[in-house]
Visitor: 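Right, I'll just put the structure down here and ask away after.
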Amino acid sequence: MEASTTIRAMMAGNKIVVPAYQRAYSWDTPFQKSDRNTQTNVFLEDLEEYGKSNANSPYYFGHFLFEERNKEFNVIDGQQRLTTIVIFLSSLFAKLKAIRNLTESEEICYEDMVKRRNVIRFSTVDYDNQLLIDYVIDQTKADRNSIYTESSRRIVRAFDFFNEQLASKNEDYLTKMLLIISEAACSTHLVQNESEAIQMFIFQNSRGKRPSNLEIIKAQFMYNVHLHGNEDRDALTIEIKNRFESIYKSISSIEYRINEDDILLYTLRVHFNSLWETNSIEKINKILANGNPIDFIRSFTRSLSTSFEQLSQFFGKHERENFAIHSLIALGGIAIAIPFIIKAYKYTLTTDEISVLCSALENLVIRHRLIGTRADITSRINDVFEKFTEENKEISPIIERIEWMKTTSEWWWAYWNNEKLRDSLQGGINHAVAKYLLWKYEVHLEQQGKSGYLPTRFDRIISPELEHIAPTTEPEIKPHGYGNYDEEFRNQYLNCLGNYLLLSKSHNCAVGNISFTRKTATYTQNEQQREVRSLVPEDGIWSKEIIQKRKDKIIAALIAMC
């Protein structure tokens, strides 16, 4: 490869591969009717802006870093841009072919940058590559079924987005865009060995958009193996690559549920058995700078790979099959719980034991989120975390601590007790948390007098929204069936659990700012909607007294559950 070249010349005659230990496709695409800037629409807008300009110099696609292996070029830096270029070109050529046959020069251009006979110029990570071939390059797969990784979904969304954007474009636009990309300038650097590749990666990514902490740690680990690995260097390098291949596969399936850098931090807390660890980069850099770090690199990389694998189960199969796990995850904001969960999996606890632990941790998290105390919760639970070990893997001390915190009146511990929880439920509540609480209340109502009943999962509610039974804006048409909109009603009753109701988005849009009688006629879809109807006598008013009565019922149920 030439150091200064064009995109077409860089790709022509070469096989460019994203190695398995590298990150999968991570660029975002805007959803329909979204004006949010994402990488793919900025990619297209930049090309279009260049096309409208009178620039004499070619469009510049930046610098690419490669390592040559077995006559293939492994991408060290630049794979997100390359993947997007291939996706865009595949869409562009498909649209152009729909208008007319490609010219001979266009056929050669396609062979140089996309595919020549059965040779595909660019391959992404193994677990996404067949999808890239079938859906994007060959376009033999039209459905979106059997797409299991978030990176595959991103590839599909990017291709669909480009198809949509190019659908109305004419031949002149398409040929101009093809010319811009094929003649776009770029620079390349071919590293001589992996040590140089890692150093270049760190240097490249200390500028511009910062890579994740996990990517930085991976590069530093591999660099330190090259420095200190001695005769075990090659074996250790392969081991780390394999670990990170497993990590990135896990990331591709759960990254929409949890941040990879958070998992890095939680693993650090488990590895060093302390919830006080707060800075992954700082902690690991100190260890790497202190003598020979090889033993730590090997053991921590193993721990990291295991954490990602376990959390893939937790946020995947186990969440789908286990209501207690689903309930904790649905709550969100569960950072204080995850290190306990990682330990539970590490110590091979049964799913039933993990469920019991999740329910206890859920009680702690919901109190922490609702009460919003400035008191430090880490100091209250770190000791039971530290004692939760391979030798003593009983979860009862953790559960007992949480149960005690719920009832104790000792001042240093009482920030999260039932009295504080009850107080926090009286007034306005964050809407995301309120939706969760009303879902829990719905589960409570469903289970009254029933046995063997499968409770409704939160994710079965289609686009859940928080409805104000008495609208925040008083309806103009009177009588409307709501209480007198005086200052007390507006300040103390409109925004409270007694006046909140969990509805699907479509239902919420349908009721809006209408009379109470018309609104309650639609309240037939779940237990709490039917309860609202039963609380008001025929031709009655949704008054302060009834709102208070319902709020008291909800709070009593939540205290009992949480």
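Counting from 1, the numbers follow the sequence of the chain as shown.
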Visitor: Look at the rings of Phe93 and Tyr110 and say which category their plane angle falls in: under 30° parallel, 30 to 60° tilted, over 60° perpendicular.
Guide: perpendicular

Visitor: Given side chains that start at C-beta, do those of Leu361 and Ile341 come closer than 4.5 Å, heavy atoms only?
Guide: yes

Visitor: Calculate, to the nearest 0.5 Å, the distance between atoms CD1 and CG belonging to Ile429 and Leu437 respectively.
Guide: 5.5 Å

Visitor: Could you walk me through whether Thr267 and Thr306 satisfy the side chain to side chain contact (heavy atoms under 4.5 Å, CB included) test, starting with their C-alpha distance in whole Å, then the side-chain angles of each, then the deciding distance to 0.1 Å, before giving a yes or no?
Guide: CA-CA 9 Å; Thr267 303; Thr306 301; over 6 Å; no

Visitor: When you measure from the centre of the six-membered ring of Tyr173, is the NZ or CZ of Lys95 closer than 6.0 Å and no more than 45° off the axis?
Guide: no

Visitor: So Thr29 and Arg154, side chain to side chain contact (heavy atoms under 4.5 Å, CB included) or not? Walk me through it.
Guide: CA-CA 7 Å; Thr29 296; Arg154 287 194 176 104; over 6 Å; no

Visitor: Assess the pair His189 and Phe66: is the distance between their ring centroids shorter than 6.0 Å?
Guide: no

Visitor: What is the minimum heavy-atom distance between Ser90 and Val114, and which atoms define it?
Guide: OG-CG1, 4.0 Å

Visitor: Check this for me: does any side-chain nitrogen of one of Asp138 and Lys115 sit under 4.0 Å from a carboxylate oxygen of the other?
Guide: yes

Visitor: Do Asn213 and Ser280 meet the criterion of a side-chain donor-acceptor pair at a distance under 3.5 Å?
Guide: no

Visitor: Taking the six-membered ring for Trp, are Trp27 and Tyr25 parallel (under 30°), tilted (30 to 60°) or perpendicular (over 60°)?
Guide: tilted

Visitor: Between the main-chain N or O of Ala324 and the side-chain N or O of Ser327, is there a donor-acceptor pair closer than 3.5 Å?
Guide: no

Visitor: Once you round to the nearest 0.5 Å, how far does OG1 of Thr237 lie from NE2 of His226?
Guide: 4.0 Å

Visitor: Is there a donor-acceptor contact under 3.5 Å from the side chain of Gln220 to the main chain of Ile281?
Guide: no

Visitor: Whether Glu309 and Arg243 form a salt bridge (side-chain N of Lys/Arg under 4.0 Å from carboxylate O of Asp/Glu) is what I want to check.
Guide: no

Visitor: In plain terms, say whether Arg153 and Glu255 are close enough for a salt bridge, that is, a side-chain N and a carboxylate O under 4.0 Å apart.
Guide: no

Visitor: Flag yes if more than 12 heavy atoms outside Glu107 fall under 6.0 Å of its CD atom; otherwise flag no.
Guide: yes

Visitor: Around atom CZ of Arg460, are there more than 12 heavy atoms of other residues, nucleotides or ligands at under 6.0 Å?
Guide: no

Visitor: Within the side chain of Glu72, is there an N or O that forms a donor-acceptor pair under 3.5 Å with the backbone of Glu67?
Guide: no

Visitor: If you draw a 6.0 Å radius around CD in Glu321, do more than 12 non-hydrogen atoms from other residues or ligands fall strictly inside?
Guide: yes

Visitor: For Ile287, is the CD1 atom crowded, meaning more than 12 foreign heavy atoms sit under 6.0 Å from it?
Guide: yes

Visitor: Only one of Arg157, Lys249, Arg257 forms a salt bridge (charged side-chain N to carboxylate O under 4.0 Å, His left out) with Glu150, so which one is it?
Guide: Arg157

Visitor: Let's go through Val125 and Tyr248 carefully: what are the C-alpha distance in whole Å and the side-chain angles of both, what is the deciding distance for side chain to side chain contact (heavy atoms under 4.5 Å, CB included) to 0.1 Å, and is it a yes or a no?
Guide: CA-CA 10 Å; Val125 291; Tyr248 282 126; over 6 Å; no

Visitor: Quick one, Leu178 and Leu89 - any side-chain contact, counting heavy atoms below 4.5 Å?
Guide: yes

Visitor: Can you confirm whether more than 12 heavy atoms, excluding those of Arg144, are under 6.0 Å from its CZ atom?
Guide: no

Visitor: With a 3.5 Å distance limit and no angle check, can you tell me whether Asn14 reaches the backbone of Ile16 through a side-chain donor-acceptor pair?
Guide: no

Visitor: So do the side chains of Thr83 and Ile87 get within less than 4.5 Å of each other, counting heavy atoms only?
Guide: yes

Visitor: What distance do Ile354 atom CD1 and Ser359 atom OG have between them, rounded to the nearest 0.5 Å?
Guide: 12.0 Å

Visitor: Do Tyr127 and Ser252 touch side chain to side chain, with heavy atoms closer than 4.5 Å?
Guide: yes

Visitor: For Glu245, is there an ion pair with Lys241 - N to carboxylate O distance below 4.0 angstrom?
Guide: no

Visitor: Is it the case that more than 12 heavy atoms not belonging to Lys286 sit under 6.0 Å from its NZ atom?
Guide: no

Visitor: I want to check something: taking the side chain as every heavy atom from C-beta on, are Arg81 and Thr84 in contact at a cut-off of under 4.5 Å?
Guide: no

Visitor: Looking only at heavy atoms, which two atoms of His63 and Thr188 are closest? And how far apart?
Guide: CE1-C, 3.6 Å

Visitor: For the pair Glu319 (side chain) and Ile325 (backbone), establish whether a donor and an acceptor sit closer than 3.5 Å, ignoring hydrogens and angles.
Guide: no

Visitor: Looking at Arg69 and Asn74, would you say the former's side chain and the latter's main chain have a donor-acceptor pair under 3.5 Å?
Guide: no

Visitor: Counting only N and O atoms by type, is there a donor-acceptor contact under 3.5 Å from the side chain of Lys283 to the main-chain atoms of Leu268?
Guide: no

Visitor: Grab the two heavy atoms, one from Leu214 and one from Asp261, that are nearest each other, plus how far apart they are.
Guide: N-OD1, 3.0 Å

Visitor: Got a second to check how far Leu288's CG is from Phe296's CZ, nearest 0.5 Å?
Guide: 6.5 Å

Visitor: A side-chain contact here means heavy atoms from C-beta on lying under 4.5 Å apart; do Gln525 and His507 qualify?
Guide: yes

Visitor: Is there a side-chain contact between Leu304 and Phe244 in this structure, where contact means two heavy atoms from C-beta onward sitting under 4.5 Å apart?
Guide: yes

Visitor: If we ignore hydrogens and angles and just use 3.5 Å, is the side chain of Asn129 paired with the main-chain N or O of Thr124 as donor and acceptor?
Guide: yes

Visitor: Identify the heavy atoms of Gly51 and Lys176 that sit nearest to each other, and give their distance.
Guide: O-NZ, 2.5 Å

Visitor: Going from CH2 on Trp439 to CZ on Arg457, what distance comes out if it is rounded to the nearest 0.5 angstrom?
Guide: 8.0 Å

Visitor: More than 12 non-hydrogen atoms from neighbouring residues, nucleotides or ligands closer than 6.0 Å to NZ on Lys15, yes or no?
Guide: yes

Visitor: Hey, mind stepping through Gln165 and Thr40 against side chain to side chain contact (heavy atoms under 4.5 Å, CB included) and telling me if it holds?
Guide: CA-CA 11 Å; Gln165 297 300 308; Thr40 51; over 6 Å; no

Visitor: Which pair of heavy atoms, one from Ser91 and one from Asn163, lies closest together, and at what distance?
Guide: OG-OD1, 2.6 Å

Visitor: Is there side-chain contact between Thr301 and Glu239, with at least one heavy-atom pair below 4.5 Å?
Guide: no

Visitor: Mark yes when over 12 heavy atoms from residues, nucleotides or ligands other than Asn70 sit less than 6.0 Å from its CG; otherwise mark no.
Guide: no

Visitor: Could you tell me whether the side chain of Gln22 and the main chain of Pro19 form a donor-acceptor pair under 3.5 Å?
Guide: no

Visitor: I need the Phe308 CZ to Gln313 CD distance, nearest 0.5 Å.
Guide: 14.5 Å

Visitor: Specify the closest pair of heavy atoms between Arg269 and Leu275, including all atoms of both residues, with the distance to one decimal.
Guide: NE-O, 3.6 Å

